[in-house]
**Student:** 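If you scroll down you'll find the structure; I have some questions about it.
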Amino acid sequence: MSDENKTTPLGDGDADLNAELEDLTAKFSEEYEKAMNKGEDSGDSEEDEACECEHCAEGDHEYIYDDAEIPEDMLCVRCKKSARDLTVSEDNEFCEDCRKTLLKYPYPIKSFVSVFFTVISIFLALTAFVVLFIDSTKMAQAMKLEKQNKLLEAAMIYEPLASSLSDANSVSLKASAKVVELLYKMGNTDYIATYFEAFPAYALKLPMYSKVQKMNDRAALFLETIQENFQPISQYQEAPSESIPYDELMSTLDAKLPEYDGKENSDMLKGAIHYVRYYLAYLSKKGDATIISILEDVKKELPDDPWLYAYTLANSYSSAGDYQKSLSMCEEMKKYNANDPAPYVVEAVSYRLQKDYDKSLSACEEGMKTSETPTFEFNRQKSITLLLKGDYELAKEVMLTDYMSNLSPTVLDTLALSALKTNDTALYDEIAGIYVQYEADFGETLKAFKDGTITLEQIFLEGNKDVY
């Protein structure tokens with residue numbers, strides 16, 4: 001079969017028509033090829049143009065938004081205007097400008113202020129903690145001393161802590177309560193009101209501070225009762241003892257005692273009356289037996305308040321010759337307050353009256369170790385004992401150490417005795433000059449000794465057993 005007789009796609013139609021269709025098909029294929037190639041060339045051009053952006057790395061193309069079309073989740077969290085710089089990290093939340101700013105200044109001004117005050121607050125908190133820790137340590141130290149009955153040493157630590165009571169922290173409240181308690185125990189009732197008035201009202205209602213209210217009330221009641229009943233006696237303080245209407249005044253005081261039966265704080269009320277009775281007997285010079293009897297009444301009513309009676313009672317027992325009771329009471333006083341120098345003074349006198357001069361001197365030495373109290377009375381007692389031992393120069397030397405710190409008649413006259421025994425006229429004249437300066441004079445006992453009508457033994461072992 002010849003080519004002419006071949007079957008075409010259209011069948012057996014005209015050959016010219018068939019050729020024309022084939023030509024159209026070829027042209028369509030050619031145009032299609034060109035269109036496809038042009039599309040690929042256009043894509044490469046756009047991609048190359050995107051690669052010219054300074055934010056895009058070669059081969060890692062990112063879409064660059066116009067400001068008007070940035071999606072909200074792609075905005076910089078700091079300026080809220082520019083797009084996040086994703087070339088740093090897919091999680092980066094800042095634009096390039098903000099990121100560079102933050103690298104130089106990590107915190108804005110407001111943050112600086114916030115950080116500053118935060119640091120200051122932390123510093124103040126740490127300071128407060130350190131202060132509280134130190135104060136708590138001091139409190140523990142004071143409480144330890146208190147358990148050892150070193151009341152004065154404990155009070156000296158408590159007092160500065162209590163002075164910050166305006167802060168009303170737990171340490172200052174406890175310290176203030178302790179100061180009130182120790183002031184009461186040591187008999188410094190005049191100062192209790194000062195600390196009580198500064199105590200917060202709410203704290204006084206707490207069980208742990210109920211003792212503060214009680215001690216303040218009892219101290220105030222004691223002072224009020226003393227002042228009320230002392231008034232009739234006060235006018236006789238400078239009068240000769242024989243001119244005092246002792247029986248009349250004592251009867252008035254005795255009549256007050258039954259009035260307090262059954263009353264609240266009757267023990268304190270009666271104890272105050274007995275104390276006024278003691279003072280009346282002292283002014284009237286009724287002697288050791290009467291003094292001892294009245295002070296025993298005080299002790300009976302207020303056995304837990306030895307600051308009212310212990311020293312005078314022990315001294316009176318010693319003066320009466322009951323040395324055993326005197327020394328026994330001294331031991332009780334030491335247990336009550338290890339910082340109290342008073343029992344050592346009484347011991348020194350008691351041993352001196354027994355002519356046990358070595359023990360008298362030892363008591364003085366021990367008493368000087370009790371606290372930082374003035375030592376002039378211990379030096380005076382030592383000087384008296386040394387005078388009785390015949391060591392006049394040493395007696396004078398001891399008195400000269402600190403006599404200027406207490407120019408009382410007892411100190412001046414004791415020193416004058418040592419001046420007379422050592423023939424130190426200059427010292428005697430100096431003491432006489434001090435008396436002239438204060439418009440006073442030597443006591444009668446000193447004058448009698450100077451005149452030779454009385455001896456040292458008679459001054460310190462008999463009668464008043466002292467220069468006055």
Side-chain angles (χ1 to χ4, degrees), residues 223 225-257 271-298 308-309 311-322 326 342 345-346 349 352-353 376-377 380-381 384 406-417 420 428 431-468:
L223 292 173
T225 308
I226 290 285
Q227 292 170 1
E228 178 185 342
N229 292 278
F230 179 73
Q231 191 63 35
I233 301 173
S234 61
Q235 59 182 309
Y236 299 106
Q237 290 188 85
E238 302 297 331
S241 58
E242 59 271 12
S243 68
I244 301 174
Y246 177 80
D247 293 334
E248 178 186 343
L249 293 171
M250 188 62 77
S251 296
T252 302
L253 291 171
D254 290 340
K256 290 284 187 76
L257 293 170
I273 294 295
H274 285 309
Y275 193 83
V276 178
R277 292 176 67 238
Y278 146 71
Y279 193 71
L280 174 60
Y282 169 77
L283 289 177
S284 304
K285 297 183 179 180
K286 289 301 177 179
D288 294 325
T290 302
I291 297 293
I292 289 172
S293 176
I294 297 175
L295 288 175
E296 285 290 357
D297 290 336
V298 177
L308 275 172
Y309 60 83
Y311 173 73
T312 308
L313 186 55
N315 209 34
S316 297
Y317 275 127
S318 178
S319 180
D322 196 338
S326 175
V345 174
V346 177
V349 173
R352 183 232 301 166
L353 295 178
F376 56 80
E377 182 56 27
R380 196 178 80 84
Q381 291 298 329
I384 291 171
N406 184 355
L407 298 177
S408 66
T410 54
V411 170
L412 292 175
D413 283 17
T414 304
L415 179 58
L417 283 173
L420 291 171
Y428 184 87
I431 299 169
I434 294 174
Y435 271 120
V436 171
Q437 181 182 351
Y438 289 96
E439 299 181 352
D441 198 359
F442 289 109
E444 294 301 320
T445 300
L446 190 283
K447 291 177 181 179
F449 179 80
K450 188 174 185 297
D451 294 338
T453 59
I454 193 172
T455 65
L456 286 174
E457 287 73 15
Q458 289 174 310
I459 295 174
F460 295 119
L461 299 176
E462 301 174 12
N464 292 331
K465 306 172 182 65
D466 211 327
V467 290
Y468 279 90

**Student:** So, using salt bridge (charged side-chain N to carboxylate O under 4.0 Å, His left out) as the criterion, who are the partners of D322 when residues are at least two apart?
**Tutor:** none
**Student:** Report yes or no: does S319 contribute a side-chain atom to a donor-acceptor pair with the main-chain N or O of N315 at less than 3.5 Å?
**Tutor:** no
**Student:** Is it true that, when you exclude Y275 itself, more than 12 heavy atoms of the residues, nucleotides or ligands shown sit nearer than 6.0 Å to its OH?
**Tutor:** no
**Student:** How long is the straight-line distance from CG of L283 back to CD of E238, given to the nearest 0.5 Å?
**Tutor:** 9.0 Å
**Student:** What distance separates L313 CG from D288 CG, expressed to the nearest 0.5 Å?
**Tutor:** 10.5 Å
**Student:** Does the R352 side chain pair with the main chain of I384, one donor and one acceptor, at a distance under 3.5 Å?
**Tutor:** no
**Student:** When the side chains of residues 439-447 are checked against the rest of the protein, which donor-acceptor pairs come out under 3.5 Å, sequence neighbours left out?
**Tutor:**
residue : atom : partner : partner atom : Å
D441    : OD2  : K447    : NZ           : 3.0
T445    : OG1  : V467    : O            : 3.2

**Student:** Can you list everything that forms a side-chain hydrogen bond (donor to acceptor under 3.5 Å, both in side chains) with Y309? Sequence neighbours excluded, please.
**Tutor:** none
**Student:** Roughly how far, to the nearest 0.5 Å, is the CZ atom of F376 from the CG atom of L415?
**Tutor:** 14.0 Å
**Student:** Enter the distance from I291:CD1 to R277:CZ here, rounded to the nearest 0.5 Å.
**Tutor:** 10.5 Å
**Student:** Carefully, step by step, assess V345 and Y311 under the rule side chain to side chain contact (heavy atoms under 4.5 Å, CB included).
**Tutor:** CA-CA 9 Å; V345 174; Y311 173 73; 4.2 Å; yes
**Student:** Look up atom CD1 in I273 and atom NZ in K256, then write down how far apart they are to the nearest 0.5 Å.
**Tutor:** 5.5 Å
**Student:** If the condition is side-chain hydrogen bond (donor to acceptor under 3.5 Å, both in side chains), which residues does R380 pass it with, not counting sequence neighbours?
**Tutor:** E377, T414, D466
**Student:** Which residues pass the side-chain hydrogen bond (donor to acceptor under 3.5 Å, both in side chains) test with D413, sequence neighbours left out?
**Tutor:** Y435, Y468
**Student:** Would you give the length of the straight line joining atom OH of Y236 to atom OH of Y279, rounded to the nearest 0.5 angstrom?
**Tutor:** 14.5 Å
**Student:** Please output the side-chain donor-acceptor pairs of residues 241-252 that fall under 3.5 Å, not counting sequence neighbours, one pair per line with the distance.
**Tutor:**
residue : atom : partner : partner atom : Å
S243    : OG   : P240    : O            : 2.7
S251    : OG   : D247    : O            : 2.8
T252    : OG1  : E248    : O            : 3.1

